[in-house]
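In what follows, every chain begins at residue 1, and chains take the letters A, B, ... in the order their sequences are listed. The model shown is predicted, which means the values in this text are computed figures rather than measured ones.
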There are 2 protein chains.
Amino acid sequence: MSDSEKKISCNLTEKEASVLRNNLPVDEEIQDLAEFFKVFGDPTRIRILFLLKQGEFCVHDITTMLEMQQTAVSHQLKSLRQSRLVRYRKDGKQVFYSLNDEHIDEIIAIGLNHLNE
Amino acid sequence: MSDSEKKISCNLTEKEASVLRNNLPVDEEIQDLAEFFKVFGDPTRIRILFLLKQGEFCVHDITTMLEMQQTAVSHQLKSLRQSRLVRYRKDGKQVFYSLNDEHIDEIIAIGLNHLNE
DNA sequence: TGAACATATGAGCAGATATTCATATGATTA
DNA sequence: TAATCATATGAATATCTGCTCATATGTTCA
């Protein structure tokens with residue numbers, strides 16, 4: 001939205017407030033967006049994403065690299081799977097995880113950029 | 001990183017694991033990134049960001065549009081301020097909030113995009 | 001100056017979340 | 001087939017988070 005279109009006001013009428021309120025996405029979409037970003041809001045999951053930027057790894061190796069318990073890692077991988085940020089591939093006893101969204105780099109880059117501003 | 005550079009392996013040696021582990025950003029940076037995304041991980045804050053995409057508003061109007069209590073809104077505005085996602089401007093008794101990072105749209109767009117994939 | 005107004009802050013609480021422990025599931029191998 | 005290995009899952013717990021209530025701060029105006 002260009003600056004010229006933006007409102008500056010205080011004490012909107014209920015009618016005006018209602019118009020602006022109705023411009024918001026529906027609750028479900030808002031909720032889904034929040035859930036999506038929540039996945040990035042945990043250090044362990046961020047570390048897993050950074051690891052997977054380097055390649056495809058099995059759970060055991062992820063556990064070793066993070067120096068965490070296997071169950072803790074599996075729980076977080078589940079969260080990443082459910083939000084479709086990672087994909088997995090089974091090979092015998094092992095399960096290999098890799099990134100599943102080409103925009104992950106982009107999102108993280110924006111975050112890093114913001115922190116350095 | 002191009003596909004050809006990516007590793008696929010399991011049962012890394014401690015040495016290999018250590019190399020990959022050390023490629024991760026330092027803990028503080030990981031932590032800061034997670035904190036940053038956590039701000040996007042709440043429906044109320046997402047709604048505030050969507051409102052502010054439409055213009056600059058005082059706390060009272062934000063409260064009216066969201067149909068929430070003023071203190072709840074103020075608490076969330078504080079979180080948005082601390083992460084420098086919004087800026088504010090005082091004018092008499094009122095405080096006007098607006099977006100403070102041109103990348104907010106971009107981040108949200110990526111999120112929405114991911115949800116529709 | 002004091003009353004009214006706009007916003008911010010702190011404490012308390014209820015619900016969410018990350019880790020751990022115990023155990024289940026599924027695949028390989030002896 | 002039994003033992004072992006790799007991973008996943010569920011319950012329990014401690015911590016964190018968002019909201020509400022009470023109240024503080026700062027501004028305007030009578």
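Using a 4.0 Å cut-off between charged nitrogen and carboxylate oxygen, A:Arg87 and A:Glu56 do not count as a salt-bridge pair.
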Using a 4.0 Å cut-off on protein heavy atoms (strictly under), produce a 5'-to-3' string for nucleotides 14-20 of chain C with B for base contact, S for backbone-only sugar-phosphate contact, and - for none.
---SSBB

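Atoms CD1 and CD1, from A:Ile110 and B:Ile107 in turn, are 5.0 Å apart once rounded to the nearest 0.5 Å. Expressed to the nearest 0.5 Å, how far CD of A:Gln54 lies from CG of B:Leu20 amounts to 5.0 Å.
Residue A:Lys90 is out of contact with every strand shown, counting any heavy-atom pair closer than 4.0 Å. Among the atoms of the strands shown, base atoms are found under 4.0 Å from some heavy atom of A:Gln70. Across all strands shown, A:Tyr88 has no heavy atoms under 4.0 Å from either base or sugar-phosphate atoms.
Within the structure, the side chain to side chain donor-acceptor pair (under 3.5 Å) test picks out the following pairs touching residues 33-46 of chain B (sequence neighbours left out): B:Gln31-B:Glu35, B:Arg45-B:Gln76. Screening residues 98-117 of chain B for ring-ring contact (aromatic ring centres under 6.0 Å, His included), with sequence neighbours left out, gives A:Phe36-B:His114.
Where DNA chain D meets chain B (any atom under 4.0 Å from a heavy atom), the bounding nucleotides read 5' to 3' are D:dT17 to D:dT28.
For the ring-ring contact (aromatic ring centres under 6.0 Å, His included) test, residues two or more places apart in sequence or in another chain that qualify with B:Tyr97 are B:Tyr88. Not a single side-chain hydrogen bond (donor to acceptor under 3.5 Å, both in side chains) links B:Glu29 to another residue, sequence neighbours left out.
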